[in-house]
2 protein chains.
Amino acid sequence: MIGLPGRPGPAVIMGRHDDGPARGNVMAGTAPPTPPVAAALPEVGRRERKKLATRAAVRDAALRLAVRHGVENITVEQIATEADIALRTFFNHYSSKEEAVVAAAAAGAEALVVEFRARPAAESVLQALREAVLVVMDRHDAAGRDHLRALRLMRESPSLMPQQMAVLTAQEQALARAVADRVGPPAVEGGPTSIYPQLCAAAALAALRVVLDRWLGHATDPDDAPPLAVLRREVDEALAHLATGLDTVAGT
Amino acid sequence: MIGLPGRPGPAVIMGRHDDGPARGNVMAGTAPPTPPVAAALPEVGRRERKKLATRAAVRDAALRLAVRHGVENITVEQIATEADIALRTFFNHYSSKEEAVVAAAAAGAEALVVEFRARPAAESVLQALREAVLVVMDRHDAAGRDHLRALRLMRESPSLMPQQMAVLTAQEQALARAVADRVGPPAVEGGPTSIYPQLCAAAALAALRVVLDRWLGHATDPDDAPPLAVLRREVDEALAHLATGLDTVAGT
DNA sequence: CCACGAGGATGCACGTCGTGCATTGATGCA
DNA sequence: TGCATCAATGCACGACGTGCATCCTCGTGG
């Protein structure tokens, strides 16, 4: 998800196909089936590739500067310069620096939904979700230190929180649909849709958000990640709570 | 492909207790605002009261204009004029029009936490939460049409979503603390804090958000609220799901 | 091979945002 | 009554975000 190329050059191309800046909030785009690791298909011409490259350059430049100087202390102009584009062009891709910074992280949430859908139908909803989380976690674990720094940036920048939540809710909708597809169509066609998919997706993502937040908070030293094993355990614990019910009375 | 005021969109419980001078009508001596639950505050002098009044005036003016013209189509200057204050003064209270508009809603979420804390310890966490929700719901039901319009505004204004989520997460923290207090201190002093409070608070608020969102979505006609009974039922259903566990396998 | 249409990158102008700084007037206090 | 405080204001200014016209590159049909 995060990718921090050393130079503003052509970066990894990852999904995100929508045109036009998203006024005020984030994309809820359904990128064409672009599995986690995308391969350049002849589908896109040089033109499209250049556009994507520019987009990626902007995104990475934004993240790089934000990690180094803090989101509050950088201007869109600086990002544009770093990405070697005109100021005006920046707004052709993102409508604010916050959106650009968070965009780099959005892929993570998208990947989760993709992996979830890929799980066999035999698994229960929360089981499938757990496995999907593990897959995404492992993959991102390889991203290393830069990736961790980016996560901390997200966690500790108040001004990014809104954008993050926006991404999260967008993915919540996607996950809700995935859950609905998994449990099958409602008994009655056209009948009142069950609240279950939305509820489950919302609760699950909220749980994962809490877990990740706690995990990032555990670390006493910056750049020092608590063992991944801890994260796994807490994910399991949280999902287990959801699965078995989380009501409690005083003294328990 | 995103900025359209469409289906997805969170909402927040909101209430509008107006204390301050409401444009063109009574502006009594401004008796100390009457928060959800009485609070004796003999401490406030005229100075503080005036400040609060100004704040309320700004908040209400923002909400009123936003409901009438849409958040996107109003400027801070208009709000300031409507509230009869200088432009600069606006920023002494809120840092953006979105914040001002949503501020009116924040009280709702705060009230929920307050009511939750007021529930007897004998009730389980989710029971207490349910009762608290009902209390807040009933109280706000009396607010009538304007209140409903405000809720719809929140739901359908993409640019407000970030601020709403900010309010929501703030209350999530407060609720998490309340839950922690309710279930009692951890067995081991200073030991690793349980994830339960945060998890529970996050899941519960996420559930309530989904329920409210669905409820607002049910209505086919604007200004026409689905019966409150439906809301109650869905709240119960959602919390019941959380209480008994929400795992499921295909075909269930 | 070339002219032409589509679309991305830019430059420019402009209105709105949000903040720092200095000033004023009402308020609270000794 | 004299003084300290603080909300409200006015002013200046840099950053933001968008509409519009233009230039240039890529993709295509002739």
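Predicted, not measured: the structure shown is a model, and the values here were computed from it. So you know, we letter chains A, B, ... as the sequences are listed, proteins then strands, and number each from 1.
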Would you mind reporting whether B:M137 and B:L231 have side-chain heavy atoms less than 4.5 Å apart? yes
To the nearest angstrom, how far is A:N92 atom CG from C:dT10 atom P? 9 Å
Write down the protein N/O and nucleotide N/O pairs, taken from nucleotides 21-25 of chain D, whose separation is under 3.5 Å; answer none if there are no such pairs.
{"unit_1": "D:dT25", "atom_1": "O2", "unit_2": "A:R47", "atom_2": "NH2", "d": "3.3"}

Nearest-Å distance, CG (B:D84) to P (D:dA8)? 12 Å
Check whether any side-chain nitrogen or oxygen of A:H93 sits under 4.0 Å from OP1 or OP2 of C:dG8, and answer yes or no. no
Indicate yes or no: at least one non-hydrogen side-chain atom of B:R149 is less than 4.5 angstrom from one of B:D146. yes
Heavy-atom closest pair (A:Q171 atom, A:A109 atom, distance to 0.1 Å) is CG-CB, 3.3 Å
Looking at A:K97 and A:I74, would you say the former's side chain and the latter's main chain have a donor-acceptor pair under 3.5 Å? yes
Take nucleotides 15-21 of chain C nucleotide by nucleotide from the 5' end and write B, S or -, depending on whether a protein heavy atom sits under 4.0 Å from the base, only from the sugar-phosphate, or from neither. --SBBBB
Let me know the distance between CD1 of B:I85 and C1' of D:dG10, rounded to the nearest Å. 14 Å
Sequence neighbours left out, what passes side chain to side chain donor-acceptor pair (under 3.5 Å) with A:D213? Give chain and number order. A:R155
Whole-Å distance between D:dA15 P and A:I79 CD1? 13 Å
Is it true that A:R139 and A:E115 make a salt bridge, defined as a side-chain N closer than 4.0 Å to a carboxylate O? yes
Nearest to the side chain of B:T54, which nucleotide is it out of C:dG8, D:dA8, D:dG10? D:dA8
State, yes or no, whether a side-chain contact exists between B:K51 and B:H93 at a heavy-atom distance under 4.5 Å. yes
Can a donor-acceptor pair be found, under 3.5 Å and without considering hydrogens, that links the side chain of B:T169 to the backbone of B:E172? no
